[in-house]
There are 2 protein chains.
Amino acid sequence: MGRPRSYSREAVVEKAMGVFWQNGYKATSISDVVRETGLNTASMYKEFGDKEGLFSAALDHYRDHVIGPRYRILIDNPNLEGVEMFLRNVFLGAAKSEYKGCLMMNHLAQKHVISPEAAEQVGAFCAEVESLVEAALRNAQAEGDIGPDKDTAQLASFVVFCVHGTVLYGRHDEKKHVIPNFYDMIMREIRE
Amino acid sequence: MGRPRSYSREAVVEKAMGVFWQNGYKATSISDVVRETGLNTASMYKEFGDKEGLFSAALDHYRDHVIGPRYRILIDNPNLEGVEMFLRNVFLGAAKSEYKGCLMMNHLAQKHVISPEAAEQVGAFCAEVESLVEAALRNAQAEGDIGPDKDTAQLASFVVFCVHGTVLYGRHDEKKHVIPNFYDMIMREIRE
DNA sequence: ATAGTTTTAGAACATTTATTTTAAAAAAAC
DNA sequence: GTTTTTTTAAAATAAATGTTCTAAAACTAT
């Protein structure tokens, strides 16, 4: 009952995410978001509470709709083959994308610019993806696909760092062509 | 003639750099800088023109006094040994540092938050350090210290990415211990 | 000393920002 | 059709921000 809302929450979050991704938290104003989403200020605040609430929703959306799907293949194939497919996808996809960096990683160096809660979200995200990779690597080790002497935790850190950091460096536009080659380097690091 | 200034430009830039480094450009207010440096607003604007001018001076200072010295050893030893010493220093030093990331890299994902001129400065910096590394690697190749099939440009990209990006990831505090091990991985990548 | 020059402290200004309020608009319930 | 409920549009507010101005302070040269 009551007047029906004229917006879709998901569409709004999707667009807001784009603005935060492009500008960073602090450099994004509510006006920017309002302009981009078409949603008015009052509804914005009613729906998300405040700017931080909106950012938090954007982070969740990023996890669930941008990064999450890319890790799907690793969840379905928690082994060396999964790692391989995952990395191949990531580095081929990244080469075509806009190189805005990883929304989460971009805010890793700005932990005290965002709220403690958002920092927590970012930290949890890093831990989560790293443990996904490590689980796959541990299985690979158990199956004898990688050496028993390999430090899977360290390798997982390395992989996540490369995956979520390379794209950032890729923003330096003329270096785009280098990105896909990271795939070979990383796999060699895991295998040999 | 005239009243003598009560501040040292270099000391001011040094402190301003620290604030920008910690917060990022947009999240740093002139008030923050004034509070931190003790310098008053008028002198700030007389000396640097505006906020962008101050940030530009901070970037220069970072290049000349923070990163520059670390590359000294590579300039003096433009060969494999130089690369080795450089990386050892960087990764051992980074393990002890504060993990604020690389001031320049932190702004790579925020190119249009800062001014085009500052973006230019950041880009030039990346190109500069990369060509330093590549020069050393090319010499190493000429001297037969690394294989003739190695793509020195690509390796240089990889090294710079790791050097200036790892520290960023290192901010994820509990992973600090992983950082020093990157040294081995990178050297293996170069050598084998 | 006085005049001239530059820096300083801090008030002043204009704009932007995050957020709240007010009143009209659009639907459902009775 | 009136009441009730929720959303909306836009004005209003309050604080923060980038920048400029004013007048006093601190020095040099004459």
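Just so it is clear, the values below take in all heavy atoms, side chains as well, and ignore hydrogens, waters and symmetry mates.
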According to a strict under-4.0 Å criterion, is B:S43 in side-chain N/O contact with OP1 or OP2 of C:dT8?
yes

Below 30° counts as parallel, above 60° as perpendicular, anything between as tilted: where do the rings of B:F161 and B:F158 land?
tilted

Assess whether side-chain hydrogen bond (donor to acceptor under 3.5 Å, both in side chains) is satisfied between A:S56 and A:Q121, documenting all intermediate values.
CA-CA 8 Å; A:S56 174; A:Q121 255 176 296; 3.0 Å; yes

Once rounded to the nearest 0.5 Å, what's the spacing between atom NZ of A:K150 and atom CG of A:L137?
10.0 Å

Expressed as a whole number of angstroms, how long is the span from B:M1:CE to D:dA26:C1'?
15 Å

What nucleic acid atoms does A:Y7 come within less than 4.0 Å of, heavy atoms only: base, sugar-phosphate, or nothing?
sugar-phosphate

When the distance from CG of B:L39 to C1' of C:dA9 is rounded to whole Å, what number comes out?
11 Å

What is the distance, to the nearest angstrom, from the CZ atom on B:R35 to the P atom on D:dT17?
8 Å

Any side-chain donor-acceptor pair under 3.5 Å between A:E128 and A:Y71?
no

For D:dT7 and A:K46 - does any side-chain N or O of the residue sit under 4.0 Å from the phosphate oxygens OP1/OP2?
yes

Pairwise 5' ranking along DNA chain D for B:G2 and B:D50, keeping only the more 5' one
B:D50

Let me know, please, whether B:A42 or A:A42 comes out on the 5' side of the other along DNA chain C by nearest nucleotide.
B:A42

First encountered from the 5' end of DNA chain D, between B:T41 and A:T41
A:T41

Quick one: A:R5 CZ to D:dT5 P, roughly how many Å, whole number?
18 Å

Do B:L87 and B:V163 have side chains that approach each other closer than 4.5 Å (heavy atoms only, starting at C-beta)?
yes

Can you measure B:K51 atom NZ to C:dT16 atom C1' for me and round it to whole angstrom units?
12 Å

Donor-acceptor pair under 3.5 Å: do we get one between A:R3's side chain and the base of D:dT7?
yes

side-chain N/O A:N40 vs D:dA9 OP1/OP2, d < 4.0 Å:
yes

Whole-Å distance, A:M44 CE to C:dT20 C1', equals 15 Å

Using atom CD1 of B:I30 as one end and atom P of D:dA15 as the other, report the distance to the nearest whole Å.
22 Å

Tell me: OH of A:Y45 to C1' of D:dA12, nearest whole Å?
14 Å

N/O (side chain, A:S6) to phosphate O (OP1/OP2, D:dT8) under 4.0 Å
yes

